[in-house]
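These numbers come from the heavy atoms of this one structure, side chains and all, not from hydrogens, waters or symmetry mates.
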2 protein chains.
Amino acid sequence: MPARRVTIRDVARAAGVSTTTVSAALTGNGRVSPETRDRIMRVAEECGYVASAAARSLRLGRSGAIGLYVPDRTVGFEYYAHLSRGAAEAALAHGFALTLLPAWPDAAPLRTLHLDGLIVCDPALGDPVAEVLRSLPVPMVTCERDPEPGASPAGVVASDHVAGTTVLLDHLAGQGAASIAALVPGEETSFGQETRRACRESDHDVRMVEVPLAYDPDDIARALAEARADEPDAIMVVPDGGALVALHLLQAEGVRVPEDLLLASYVDALSLQVARPTVTAVDIDPRATGASAVNALVDLVVGEVSGPVLTSVPTHLRVRESTSPA
Amino acid sequence: MPARRVTIRDVARAAGVSTTTVSAALTGNGRVSPETRDRIMRVAEECGYVASAAARSLRLGRSGAIGLYVPDRTVGFEYYAHLSRGAAEAALAHGFALTLLPAWPDAAPLRTLHLDGLIVCDPALGDPVAEVLRSLPVPMVTCERDPEPGASPAGVVASDHVAGTTVLLDHLAGQGAASIAALVPGEETSFGQETRRACRESDHDVRMVEVPLAYDPDDIARALAEARADEPDAIMVVPDGGALVALHLLQAEGVRVPEDLLLASYVDALSLQVARPTVTAVDIDPRATGASAVNALVDLVVGEVSGPVLTSVPTHLRVRESTSPA
DNA sequence: AGCATGTGCGGAAACGTTTCCGCAAGAGCG
DNA sequence: CGCTCTTGCGGAAACGTTTCCGCACATGCT
C-alpha cells in the first residue's frame, strides 16, 4: 500500500495557511513573517514533506540534473573515477543529480534526458560524442580546454599542465638527468597540447615520442623502445597508466629504476604508489576538478553568473623512489 | 532568445488532431488508426518534438532516473568504472538516466533526487550508506548479494565466485602448485564470503590470509609476508589491484614469477595485462554486470516483473604468463 | 487626517503530460 | 431493422509546484 505522497497542500492544511505561503516559506522567495516560516518548516518536517522534483521541474523548466561525459577511450582510468566522485558529491550538495552519459553517437536519447548542463571531460578533436553534446542547447563546462577551434564552452576547469609538466621536467633535470625522453599523447586534446608545449619550450634536453591517448600496452612498448634509442637519463610518461607499463617493461629487461634510469609519470595514480619502486608523479587532484566543474556549471545554470568561467586547479609534484637514486 | 519548447499541443495542432491522439500515437497506449499514428509521428519528428520528462514524471509518478552507488572504499577500482559504463549504456537504452550516488550518510538529499530504483554495488555489512539506501522506498538491485541478514533486495546480479575461485585454484594446482596461499578479503561482503568459501572447500591445499577490501599497500605487504612464511608454490590475490602490489613486492625481493612462485589475481584488470609478466586472472565482466543490473531494475520499475530477480554473470579464466612457467 | 508605502498572505493560473470517460460512426449478427 | 460491440478520436481532469497579482491592514510621513 504505497501511501499517497504528502504534498504542499497537505502541509498547507496542517499549518493553516495557503500553499502559496508554504511555497514561499520553503523556497524563501515570497514574503512570509519569520514566525510563520518557522512554523511551516516545522510542520513540513513533521509531515515528512519532500517537494516533488517533477512538479518543480515542470514549473521551473529546469530538470535538476547535469550530465557527465567521460570519453570511452579513457573509461577505467583511475583519474576519471575520482573526478566522477567529486562531481557527484558537489552536485548532490547543490541538490542536483549527476547523470552519467555513456558514449552515444546519437543525440536523440540524450535530448530526452533534459539535462540542465553538461560536463565534458577531456574533449578531443573529432570526438563524435563531444560534437553531439556541444549541439545540445544547455551550458557546458569542460574539464580541460576544448581544442575544437570554434567551440566556446560556458566554463572550463583545468590545471595548468604547462606549468605542471615543467615542474616535473625541472625535477628530473635537478636529479641529474641531462637528457629526458617524454612519452606524450597527440595534439587532439588540450591536455596533450599543453604537456607537449611544456616539453618543446623546456630549458632542458627533452625529446618527445608520441603515444596514443587510448594506448595499447604495445604502443607504450614501441614508444619506449624508440625513446631509449637515444639513451636518455630519464623518462617521463604522460598518459594515465602508461608509466606503470613502462616500469614493467624496463624491469623485465633488467634496467634498474632509478639507478640506471629515472622514471616519472605525469598523471598520478594509486598504482604508482604501490609500484616498486614507487613512481614520482604530479597529482592533479581529479576529485577537486570534478567538484569545481559542477560548482561552475551550477552557477551557470541557476544564472548566478553569465560570462564564461575559468577555474584553475593547482597541481602538486609527488616525488617518489623512481626519481630518487641513492 | 530561447525559443519556446514545442509541446504536444503544437504537434496536435500541426497534425490536426487532439493532444489525446498525439499522446496515444506516441506512447502506443490508446487506440489510433495506423495511418493517423504514422502521420503524427512524422509531424512530431518534423517539429522536433521531444516530450517533457518533467511533465511525464509528474503525471506518471516516475522520475525516469535510477541511482548507482559505488562504495567509497572502492572508487578508483577499474572494475567499477566498467560496471558504471555498462549501467549507463543500458539505462540510456531504456530511456532512463543513471544518477551517480556519492557516499552520503544522510538520506534527506537522496530523497530529493526521486529515483525510481537503486543499484548498489558490493553492499557491505555495516556500510551506513547502504543502510540509508535500503530505507528508500524504491526497488533495489545489488551487484553481488546483500550480506545483511534481514535485507532482501528486489534483484541481485552476481557471478558465481565460488565457482570462479575454484576454477582459478584448480588452474594453479594444475600448474603444479602443491600448496597455495590466498589473500582474501573479509566476510563483510558477499564477494569475500564466496571467495573464502571456495578456498575453504577446495580440494587443494589452500591457506587463507585476510586482507582488507579497502587495502593499503602496506596491508598487502603484511599479508604477503605472512602468506610466504609457509613457502607456498602459488599465491592468489583476490581484491582488485592487490595482485599488482604483490607482484611488485615480490620482484623487488628478487623472487621470479612464475619460475619461483606462481601468482594470480582473482579480479581482472588492464594493469594485469600490461604487467611483466602478465598476470593470470578471472574476468568477471563488469560491464555486463552493470548492464544486467539496470535491465533487471528497469523491469522491476516498469512493473513487468514483480518477484525477486536473480541474474548470473558468467566468469572466464584468463591464463597469462604469471602462472605459466617455461 | 490623508496619503503613499510596505508587509503578510491567499486565489488561481500555468508548466506539459497521460488517461478516464464519453461520443459518434461503422461493423456484425439475428 | 434493431441491437450490441468495436473503433477512432476528443474533452477535460489531474499530477504538485511556483509565481503573478491582488487584497487588507499597518506604518510612516507631511
Side-chain angles (χ1 to χ4, degrees), chain A residues 2-41 43-44 47-65 95 111-114 116 301-303, chain B residues 2-41 43-44 47-65 95 111-114 116 301-303:
Chain A
R4 210 180 51 80
R5 71 172 296 131
V6 22
T7 78
I8 201 176
R9 249 177 288 270
D10 300 323
V11 177
R13 205 172 314 122
V17 296
S18 74
T19 64
T20 303
T21 308
V22 175
S23 177
L26 296 182
T27 64
N29 273 348
R31 292 180 305 205
V32 202
S33 73
E35 307 84 48
T36 316
R37 176 192 309 279
D38 290 347
R39 184 162 46 88
I40 290 180
M41 299 195 76
V43 171
C47 299
Y49 169 74
V50 33
S52 153
R56 173 175 293 161
S57 298
L58 181 57
R59 177 65 226 235
L60 260 25
R62 232 194 283 143
S63 71
R111 275 179 195 283
T112 70
L113 253 29
H114 290 284
D116 291 336
V301 167
V302 304
Chain B
R4 208 181 54 80
R5 71 172 293 131
V6 22
T7 78
I8 201 176
R9 250 177 287 269
D10 300 323
V11 177
R13 204 173 312 122
V17 295
S18 74
T19 64
T20 303
T21 307
V22 175
S23 177
L26 297 182
T27 65
N29 273 347
R31 292 179 306 204
V32 203
S33 72
E35 307 84 50
T36 316
R37 176 193 308 279
D38 290 348
R39 184 162 47 89
I40 290 179
M41 300 195 74
V43 171
C47 299
Y49 170 74
V50 33
S52 153
R56 172 175 293 162
S57 298
L58 181 57
R59 175 65 224 229
L60 259 24
R62 232 192 287 143
S63 71
R111 275 179 195 283
T112 70
L113 253 29
H114 290 283
D116 291 335
V301 166
V302 304

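- A/S52 pairs by the side-chain contact (heavy atoms from CB on, under 4.5 Å) definition with A/R5, A/A54, A/A55, B/L58, not counting sequence neighbours.
- Nearest heavy-atom pair across A/V32 and A/A24 is CG2-CB, 3.5 Å.
- Residue contacts shown for B/S23 include a base, since a base heavy atom lies under 4.0 Å away.
- The C1' atoms of five pairs define one axis at each end of the helix from C/dA1-D/dT30 to C/dG30-D/dC1, and these two axes lie 40° apart (to 10°).
- You'll find the side chain of A/Y49 stays beyond 4.5 Å of the side chain of A/V22, heavy atoms only.
- Checking B/V22 against A/V22, the closest nucleotide of DNA chain D that is more toward the 5' end is the one next to B/V22.
- Looking at heavy atoms from C-beta onward, A/E35 lies out of side-chain contact with A/R39 at the 4.5 angstrom threshold.
- Heavy atoms only, all atoms of each residue included: A/V43 and A/A14 are closest at CG1-CB, 3.7 Å.
- Chain B approaches DNA chain D within less than 4.0 angstrom (heavy atoms of the protein), and the contacting nucleotides run 5' to 3' from D/dT7 to D/dG16.
- At distances below 3.5 Å, at least one donor-acceptor pair connects side-chain atoms of B/H114 with backbone N or O atoms of A/A51.
- Shown for residues 28-39 of chain B: residues whose heavy atoms fall under 4.0 angstrom of DNA chain D, namely B/R31, B/V32, B/S33, B/T36.
- Backbone-only engagement by B/T27 is indicated by non-hydrogen atom pairs under 4.0 Å involving sugar-phosphate atoms exclusively.
- At a threshold of 4.0 angstrom between heavy atoms, the contacts of A/S52 are confined to the sugar-phosphate backbone, with no base atom among them.
- Residue pairs satisfying the side-chain hydrogen bond (donor to acceptor under 3.5 Å, both in side chains) criterion with at least one member in residues 15-32 of chain B, sequence neighbours excluded, are listed as follows: B/S18-B/T21.
- Pairs engaging residues 6-15 of chain A under the side-chain hydrogen bond (donor to acceptor under 3.5 Å, both in side chains) rule: A/R4-A/D10 [sequence neighbours left out].
- Contact between B/S63 and B/D116 at its shortest, heavy atoms only, is N-OD1, 2.8 Å.
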